[in-house]
Amino acid sequence: MTNGTRIDPEEREPRAIKIKQPKRTGRKIVLAVLSVILLIAIGGGVFAFIEYGGELELPFVSEKTEETEQKPEEPSVPSEPEIPEENEPEPVVPEIPEESEPEEPVVPEEPVEPEPEEPEIPRDEWFMLLVNRENPLPEDFSVETVVIDDQNHTVDARIAADLSALIAAGESEGLDFVFYTAFRSVEKQNELFREGKTDVPGGSGEHNTGLAVDIGCAKGNFVGSPEEKWLLEHAHEFGFILRYPADKTEITGFAHEPWHFRYVGREQAKLIFESGLCLEEYLAQ
């Protein structure tokens with residue numbers, strides 16, 4: 001278009017048009033910064049919604065959210081508290097245990113203690129000699145005697161100490177004993193038997209052994225006296241027993257003689273006294 005010459009558009013030769021591309025570097029930076037800011041804003045909003053969404057009143061949050069969200073308190077007239085319905089408790093029916101046969105209690109077996117052995121009766125000892133009408137003294141019997149009072153009464157020397165202790169114990173309590181009869185020889189016994197002064201022949205009476213004495217009191221009747229009562233309670237402590245009790249006459253074969261005491265030793269006298277037996281019964285065990 002120079003020199004005022006008009007060129008026909010059809011005659012113009014096409015020329016290559018070079019399009020100049022705008023520089024976009026600064027624009028890209030701006031877009032990138034905006035993108036970052038947008039992402040941060042979006043992320044912060046999401047975080048705030050998650051953390052505080054339940055507390056914020058956002059228009060886009062639906063009033064019908066999860067049941068855990070609290071509804072804002074609406075000022076209203078306080079209503080009467082609801083009274084819970086009273087439900088009658090169901091009666092508890094106790095279970096009845098099934099009847100069963102009671103078990104028998106187990107009784108522990110008590111240890112069986114061996115019964116104490118009764119002491120053997122020393123039947124062969126001299127102080128356990130049995131003499132009566134059925135058991136007379138052997139013909140060769142002999143005994144050593146000693147005098148026990150001023151009346152020259154004698155007894156087997158082996159019982160003198162216990163007899164003396166018996167008399168001394170009674171006298172210490174104010175009693176006054178005397179001896180009616182003590183040892184009597186077989187010959188003297190036969191003489192009295194012939195004279196009818198006794199119904200016991202020689203060798204069949206205990207006075208022939210030197211182990212028996214007839215004890216009385218110095219004054220008054222012996223039966224029922226303090227001396228008799230004391231002897232019945234204490235004679236066995238010194239080895240003497242009442243030889244002919246009133247309730248044993250059919251066994252002994254002799255009438256009751258409350259003054260006749262026989263020596264059998266302290267141990268055996270205690271056992272016989274506690275048993276309530278006469279000498280015949282005791283030896284027959």
Side-chain angles (χ1 to χ4, degrees), residues 113-132 134-135 137 141 143-146 148-149 153-184 204-217 222-285:
E113 296 183 0
E115 295 182 0
E117 295 182 1
E118 295 183 359
E120 186 176 352
I121 299 173
R123 294 176 176 83
D124 296 333
E125 293 291 340
W126 60 270
F127 51 83
M128 296 298 289
L129 179 65
L130 177 64
V131 176
N132 52 32
E134 288 74 29
N135 298 281
L137 286 171
F141 175 80
V143 60
E144 182 181 349
T145 61
V146 294
I148 55 174
D149 63 359
H153 289 109
T154 61
V155 295
D156 188 322
R158 292 169 289 188
I159 75 169
D162 283 338
L163 179 59
S164 177
L166 170 68
I167 299 302
E171 290 178 346
S172 68
E173 297 189 21
L175 304 177
D176 191 3
F177 295 110
V178 295
F179 294 108
Y180 295 152
T181 306
F183 171 72
R184 185 186 297 150
S204 298
E206 286 199 329
H207 286 295
N208 303 149
T209 66
L211 300 176
V213 288
D214 291 345
I215 305 176
C217 56
F222 176 73
V223 177
S225 67
E227 284 80 3
E228 181 194 23
K229 294 178 181 178
W230 189 89
L231 286 170
L232 291 174
E233 293 178 4
H234 300 285
H236 67 279
E237 299 171 2
F238 300 89
F240 291 84
I241 60 171
L242 179 66
R243 181 64 179 91
Y244 304 123
D247 59 343
K248 304 291 183 181
T249 56
E250 292 183 1
I251 300 172
T252 63
F254 289 81
H256 173 47
E257 296 184 7
W259 49 79
H260 186 109
F261 288 85
R262 155 69 191 268
Y263 185 80
V264 290
R266 296 197 180 203
E267 181 180 355
Q268 296 302 311
K270 180 176 182 295
L271 294 174
I272 294 172
F273 175 81
E274 292 175 351
S275 70
L277 304 174
C278 65
L279 185 59
E280 281 81 1
E281 292 173 311
Y282 185 74
L283 293 173
Q285 294 183 106

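Start at 1 with the first residue, then count along the sequence.
Residues Met128 and Pro122 come closest through the heavy atom pair CG-O, 3.2 Å. When all heavy atoms of Arg266 and Ala165 are compared, the pair lying nearest together is NH2-CB, 4.1 Å. Across all their heavy atoms, Val155 and Ala182 have their closest contact at CG1-CB, 4.0 Å.
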**OP:** Under the salt bridge (charged side-chain N to carboxylate O under 4.0 Å, His left out) rule, what do Lys270 and Glu274 come out as? Steps first, then yes or no, please.
**Re:** CA-CA 6 Å; Lys270 180 176 182 295; Glu274 292 175 351; 2.7 Å; yes
Subject >> Derivation of the side-chain contact (heavy atoms from CB on, under 4.5 Å) call for Leu129 and Leu137 >> reply: CA-CA 9 Å; Leu129 179 65; Leu137 286 171; 3.6 Å; yes
**OP:** Would you sort out whether Leu130 and Glu280 count as a side-chain contact (heavy atoms from CB on, under 4.5 Å), showing the intermediate values?
**Re:** CA-CA 8 Å; Leu130 177 64; Glu280 281 81 1; 3.7 Å; yes
**OP:** Kindly indicate, with the supporting measurements, whether the criterion side-chain contact (heavy atoms from CB on, under 4.5 Å) is fulfilled by Leu232 and Leu242.
**Re:** CA-CA 7 Å; Leu232 291 174; Leu242 179 66; 3.9 Å; yes
Subject >> Stepwise side-chain contact (heavy atoms from CB on, under 4.5 Å) check, Val131 with Asn208 >> reply: CA-CA 9 Å; Val131 176; Asn208 303 149; over 6 Å; no
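For the atom pair OG1 of Thr209 and CZ of Arg184, the computed distance is 11.0 Å after rounding to the nearest 0.5 Å. For the atom pair Glu281 CD and Ser275 OG, the distance stands at 8.0 Å (nearest 0.5 Å). Taken from CZ in Arg262 to CD in Glu206, the straight-line distance is 4.5 Å, to the nearest 0.5 Å. Here Arg243 contributes atom CZ and Lys248 contributes atom NZ; the two are 12.0 Å apart, rounded to the nearest 0.5 Å. Expressed to the nearest 0.5 Å, how far CZ of Phe261 lies from CD1 of Ile241 amounts to 10.0 Å. For the atom pair CG (Leu231) and CG (Leu166), the distance works out to 6.0 Å, reported to the nearest 0.5 Å.
When each of Phe127, Phe238, Phe240 is paired with Tyr263, the ring pair (Phe, Tyr, Trp, His ring centres under 6.0 Å) condition holds for Phe240 and for no other.
Looking at Asp214 and His207, their side chains do bring a donor and an acceptor atom within 3.5 Å of each other.
Under the 3.5 Å distance criterion, the side-chain polar atoms of Ser164 are left unmatched by any main-chain donor or acceptor of Ala161. Checked by atom type and distance alone, the side chain of Glu228 pairs as donor or acceptor with a backbone atom of Gly224 at under 3.5 Å.
In this view, Phe183 satisfies the ring-ring contact (aromatic ring centres under 6.0 Å, His included) rule with no residue, not counting sequence neighbours. Contacts of His234 classified as ring-ring contact (aromatic ring centres under 6.0 Å, His included), with partners at least two apart in sequence or in another chain: Trp230.
Counting heavy atoms from C-beta outward, Asp156 and Thr145 have side chains that stay 4.5 Å or more apart. At least one side-chain heavy atom of Ile159 sits less than 4.5 Å from a side-chain heavy atom of Leu211. Contact of the Leu175 side chain with the Pro226 side chain is registered, since non-hydrogen atoms from C-beta on lie closer than 4.5 Å. With a 4.5 Å cut-off on side-chain heavy atoms, Thr154 and Ile148 do not count as touching. Counting heavy atoms from C-beta outward, Val143 and Trp126 have side chains that stay 4.5 Å or more apart. Contact annotation: the side chain of Thr181 never approaches that of Trp259 to less than 4.5 Å [non-hydrogen atoms, C-beta and beyond]. Side-chain contact between Tyr282 and Ile121: present, with at least one pair of heavy atoms (C-beta onward) separated by less than 4.5 Å. Considering only heavy atoms from C-beta on, Ile167 comes within 4.5 Å of Glu171 through its side chain.
The number of heavy atoms from other shown groups lying within 6.0 Å of CD (Glu144) does not exceed 12. Heavy-atom neighbours of Asp124 CG from other residues, nucleotides or ligands within 6.0 Å: at or below the threshold of 12. Heavy atoms from other residues, nucleotides or ligands lying under 6.0 Å from CD of Glu125 number more than 12.
With ring centers used as reference points, Tyr244 lies under 6.0 Å from His260.
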